[in-house]
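The first residue of the sequence shown is numbered 1, and numbering continues consecutively from there.
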Amino acid sequence: MSAQSFNQPIPQISVEELAQRISQSPQGLQLIDVREPQEVAIAHIQGFDILPLSEFAQWSDQIHSRFEADAETLVMCHHGIRSAHICQWLADQGFTNVKNVVGGIDAYSATVDPTIPRY
């Protein structure tokens, strides 16, 4: 990931919109969670592919074989910082419909589903 890639604003989606999209029309959505395995063990949302940022070197070269570049891709982390970086990287890789989940799983737990533990 290069410093020059952070020039363009990253499209965002709220946790409320995320919940609505998952419940109403999940087909066609690509859901990526870049948190670490120990974080996912504490709190997770069903349907997300787990791509830990610490394992970027292991999965980055497979991104085009695992995901469709033109499909809507929603990226989440704990608060939205790591996922914003990956959104920008995905855009740099030619992904055309990438959105960052604002506030991450912490906001989702606080606003949408309080049964998901906060950490």
**OP:** Kindly indicate, with the supporting measurements, whether the criterion side-chain contact (heavy atoms from CB on, under 4.5 Å) is fulfilled by Arg82 and Val75.
**Re:** CA-CA 9 Å; Arg82 290 174 284 179; Val75 186; over 6 Å; no
Original post:
Checking side-chain contact (heavy atoms from CB on, under 4.5 Å) for the pair Phe67/Ile32: CA distance, chi angles, key distance, verdict?
Top reply: CA-CA 10 Å; Phe67 299 96; Ile32 299 174; 3.9 Å; yes
Original post:
Is there a donor-acceptor pair closer than 3.5 Å between any side-chain N or O of Thr111 and the backbone N or O of Ala107?
Top reply: yes
Subject >> Matching residue for Gln62 among Gln58, His64, Arg66 - test: side chain to side chain contact (heavy atoms under 4.5 Å, CB included) >> reply: Arg66
**OP:** Is it possible for you to say whether Ile13 and Val15 belong to one hydrophobic cluster, with membership spreading through side-chain heavy-atom contacts below 4.5 Å?
**Re:** yes
Subject >> Asp113 side chain to Thr115 backbone, donor-acceptor under 3.5 Å >> reply: yes
Original post:
Yes or no on side-chain contact (heavy atoms from CB on, under 4.5 Å) for Glu72 and Gln30, after CA distance, side-chain angles and deciding distance?
Top reply: CA-CA 6 Å; Glu72 185 173 10; Gln30 298 180 133; over 6 Å; no
**OP:** Quick one: sort the Trp89 and Phe56 rings into parallel, tilted or perpendicular, breaks at 30° and 60°.
**Re:** perpendicular
Original post:
Looking at Ala43 and Arg35, what are the two nearest heavy atoms and their distance?
Top reply: O-NH2, 2.6 Å
**OP:** Kindly say whether His85 contributes a backbone atom to a donor-acceptor pair with the side chain of Gln88 at under 3.5 angstrom?
**Re:** no
**OP:** Check whether the side chains of Glu17 and Ser14 place a donor and an acceptor atom closer than 3.5 Å, and report yes or no.
**Re:** yes
**OP:** Apply side-chain contact (heavy atoms from CB on, under 4.5 Å) to the pair Ile22 and Phe48, showing each step before the final yes or no.
**Re:** CA-CA 10 Å; Ile22 291 172; Phe48 275 80; 4.2 Å; yes
**OP:** Check for a donor-acceptor pair, side chain of Gln12 on one end and backbone N or O of Val101 on the other, with a separation under 3.5 Å.
**Re:** no
Original post:
Is Tyr119 reachable from Val112 through a run of I, L, V, M, F, W or Y residues, each pair having side-chain heavy atoms under 4.5 Å apart?
Top reply: yes
Original post:
Crowded around Gln46 CD? As in, over 12 foreign heavy atoms under 6.0 Å?
Top reply: no
